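Below is one structure, written out as C-alpha cells, with a few remarks after it.
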Amino acid sequence: MSRKISTKPPSGMRDFLPADIARREFVIAKVTEVYSRYGFVPLETPTIENLSTLLGKYGEEGDQLLYRLLHRRDSLARALAADDVSEATLADQGLRYDLTVPLARVTAQYSTLPKFFKRYQIQPVWRADRPGKGRFREFYQCDVDITGTTSLLAEAEVCGAVAEVLQSLGFDNFTIRLNHRALLRAMIRAAGIDVAQEGTALVAVDKLDKIGLEGVVKELEQRGIEAEQAGSLLGLMCCEDLLDPKSELHKLLAKIGCRNLMQWTVSGISAVSDFSEEELETRRNEMLLAYLARLLPQGDEAGQAAVKELTEVIGLLAHTPAGAHVSFSPHLARGLSYYTGAIFEIAVPDFGGSLGGGGRYDNLVGMFGKKDIPAVGFSLGLERILVVMEDRKMFPDLKVGPEVLVCWKGVSQQDVLKVTHALRRSGLRVEAYPEKTRKLGAQLKYADGLGVAFAAIIGPEEVEQGSVTLKHLTSGTQERVALGDAVDEAIARLSS
RNA sequence: GCGAAUAUAGCUCAGUAGGUUAGAGCGCUCGGUUGUGGUCCGAGAGGUCAUGGGUUCGAAUCCCAUUAUUCGCCCCA
C-alpha cells in the first residue's frame, strides 16, 4: 500500500453522486424549461477568464475571492525572476466568479448577437471563500439576463421568469425583495452621510436583520458616522416602521434626537391617507414608495427618479408571476458593485441567506471599452435551492439507476447478453450481473442493494424456452414469461 | 483574516486517576450443501488511534507544533 492520500474533495467543493445528480438535474430541467419558454437562449462560457476581464468588477472583496491561475512555463519563470513578485504579477487568469461578467464580455465581443440578447446560463462559478452551510467554493448559478435595453419590461421579465421557476419547483412563500441602487444613494445623501462612506454604510445596514437597529447604529458609529446620521438613514430605510409611533425605530430616533422625526411622522400620515384601508394591505409597496418620495428632498432628482422607476417596476410585475411575491425593501443592499438600477434578492422563511439575486447593471458592458450596453439579470443559486428543497422534502421520488437486474446461473455470458438486450428493447433500464457466482442469492442480494424493482432470473430452462423469470423484489412474487411483449405485461402485473 | 472546538475501523461513535493483544453498532466477506435476497444464527477481514516532536519505565489518553474538519465573526448564491 502506498501512503495514505486524503480522498476528500478540496474544502468547499463536492462530489455529486448519482442521487445528487438526479436532484440537481430535476431542478435544472425545470429552470431551462421555464427560461426557454420566456424566450431565453442558452450560453456557456469558459471556466477560465483573463484576470483583466474579472478584476475590478466585484469590488475589493470580490477581487480577493478570485481563484487565480499562475502563469505557465516560461512566463512563470519570468514572473518569478522579476523584482516585484506578488499575487498580482504571478497570475494572469482566474476562474469565473459569476456568470454576469462573462456575459458582459460576450455581449461586448459579438456584434452579431440580437439587439436584445436574452440568455440563460447554468454553470459553476468559483469563489475562494470560507465554506459554510449552503455556501461553497464551487457552486452553480442559473442566470437569466437581458441586454440591450433600459426598458423596465426587462426587469419584469427576469423577475417573472425567476418567480415562475420557483413556483414550478414547489415554492409558494418566497419573497422577491426589491430596491434601487440610486435610491440607496439618495437615502444616504438625505441622511447627511458623505457619499464616500456609501459602501461602509450599506455593509452595516445590511446586517440589520442580524444585529438589530441599535447594533447598526453602533456599527455605523464605529465606522465614523454620527448617531444622528445613522438614525436618519435607518429612519429612511425602515420608513415602514415610522408609520407606527410605538415601534422600536420610533423610540430609537427619539432617543438619538433625530431632528426629522416629527416631520417624517407627519409625512407618513399624509402618505397613508392617500390610500384606503383595504389598499394599504394590497398596495403596501406603492404606499411605501409614495412615502419615501416625500421623505427624500424634492430636489433630489436621482432619488425621485429611482422611486418612480420602482413604482413602475412594481406596476409591471403585477402582471407577471412575480407580482404576488415582490416586496419593496428599502434597506436591501447587495454586495456586487456593478449594479446601477433596480436590485433584487430572493428570500424564503427560515433560511438565512438568499436563494438568488440580481439587478440592473447598465455600465458593466461598457467597462470592456466598447459602447455601453444596458442590461438586467437575475441569478438563482442552485445549491441554495437544493438545500432548502431537501430540508423541506420537496423532491418527488426520483428514479435513478436500473430497474431490472439480470441474475443468471448455469448459462453462458452470451445468453445473458441476449436476454439483457431483449429486455432493454422493451424500454426497461437493465443491468446484467457481470460475474459468475456460485449462489443466486448473492445476485439477489446485490439487486436489493441496487434498489432495482425486479430481478430477471435466467437459467438453462429459461434459455431453452426463450423465457425469463421476473421476480418483483418488494413483494417476492415471481412469474416465468416469454421474452417480448409478455415482459411488459408481467412487469405491470407484478408492480401493482 | 480573527476566535473556539474536534480528529480512533468504510460509516456513526465508545474508550482519561497514563498500564497486557484498542472496542461496539451498522456495513463488508464467508458459511448455515442443489436456482431465490431482505429476517435469523455462526465465523472472519478491516485501525502505525490525523501528522511530527516532547514528558514517561510505559501515551489513543498529558504537553507543544503542523495539517484537516466543524461552528461563530467577516462577506456572499
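Here is the naming used below: chain letters follow the sequence lines, and residue numbers restart at 1 for every chain. Computation of the quantities below employed the complete heavy-atom set of this structure, encompassing side-chain atoms and omitting hydrogens, waters and symmetry-equivalent molecules. Quick caveat, the model's predicted, so the values are computed rather than measured.
- When rounded to the nearest whole Å, the span between CG of A:Asp448 and P of B:rU39 equals 8 Å.
- More than 12 heavy-atom neighbours from other residues, nucleotides or ligands sit within 6.0 angstrom of CD on A:Glu390.
- The residue among A:Ala442 and A:Ser354 whose nearest nucleotide of RNA chain B lies closer to the 5′ end is A:Ala442.
- Contacts of A:Tyr140 with the nucleic acid, taken as non-hydrogen atoms under 4.0 Å apart, are absent.
- Rounded to whole Å, atom P of B:rC75 lies 12 Å from atom CG of A:Leu202.
- A:Ser412 and A:Asp415 form a side-chain donor-acceptor contact under 3.5 Å, judged by distance and modelled atom types alone.
- Pair assignment for B:rC40: B:rG32, on the basis of Watson-Crick or G-U wobble contacts that are both within less than 3.5 Å.
- Nucleotides B:rA43 and B:rG53, compared at atom P, are 41 Å apart to the nearest Å.
- With RNA chain B read from its 5' end, the first of the two nearest nucleotides for A:Gly12 and A:Glu219 is the one closest to A:Gly12.
- Between the side chain of A:Gln64 and the base of B:rG1 there is no donor-acceptor pair of N/O atoms closer than 3.5 Å.
- Exactly one of A:Asp63, A:Leu95, A:Ile48, A:Leu66 qualifies for a side-chain contact (heavy atoms from CB on, under 4.5 Å) with A:Leu54. That residue is A:Leu66.
- Using Watson-Crick or G-U wobble geometry with both donor-acceptor distances under 3.5 Å, B:rA59 finds no partner in any strand shown.
- Distance check on atom C1': B:rG47 versus B:rG27 gives 16 Å, rounded to whole Å.
- Distance check on atom P: B:rU39 versus B:rC28 gives 9 Å, rounded to whole Å.
- Across all strands shown, nothing is found opposite B:rU21 as a Watson-Crick or G-U wobble partner with both distances under 3.5 Å.
- Residue A:Lys439 has its side chain nearest to B:rG31 when only B:rG35, B:rA77, B:rG31 are considered.
- For B:rG72, the paired base is B:rC2 (Watson-Crick or G-U wobble, both distances below 3.5 Å).
- Under the Watson-Crick or G-U wobble criterion, with both distances below 3.5 Å, B:rA65 is paired with B:rU51.
- B:rG32 and B:rA5 are spaced 48 Å apart, taking the C1' atom of each and rounding to whole Å.
- Taking atom CG of residue A:Leu386 and atom P of nucleotide B:rA77, one finds them 17 Å apart after rounding to whole Å.
- One C1' atom belongs to B:rA59, the other to B:rG15, and the distance between them is 14 Å to the nearest Å.
- Remark: the A:Gln478 side chain and the B:rU36 base include a donor-acceptor N/O pair separated by less than 3.5 Å.
- Contact of A:Arg127 with B:rC75 (side chain to base): no donor-acceptor pair of N or O atoms is detected under 3.5 Å.
- Here the nucleotide nearest the side chain of A:Phe136, chosen from B:rA77, B:rU36, B:rU70, is B:rA77.
- Using Watson-Crick or G-U wobble geometry with both donor-acceptor distances under 3.5 Å, B:rA77 finds no partner in any strand shown.
- Nucleic acid contact for A:Thr474: base, since at least one base atom lies under 4.0 Å from a heavy atom of the residue.
- Atom C1' of B:rU56 sits at a distance of 23 Å from the matching atom of B:rA50, rounded to the whole Å.
- Between B:rC2 and B:rU48, the distance separating the two C1' atoms is 35 Å to the nearest Å.
- For the pair A:Arg96 and A:Glu49, the salt-bridge criterion is not met [side-chain N within less than 4.0 Å of a carboxylate O].
- For the pair A:Lys439 and A:Tyr433, the cation-pi test (distance below 6.0 Å, angle within 45°) is failed.
- Judged by centroid separation below 5.5 Å and plane tilt below 30°, A:Tyr446 does not stack onto the base of B:rG37.
- As rounded to the nearest Å, B:rA45 and B:rG10 have C1' atoms that lie 12 Å from one another.
- Residue A:Arg135 places a side-chain atom within donor-acceptor reach of the base of B:rC75, judged by atom type and a 3.5 Å distance cut-off alone.
- Salt-bridge check for A:Lys218 with A:Glu214: failed, with every basic side-chain N at 4.0 Å or more from each acidic carboxylate O.
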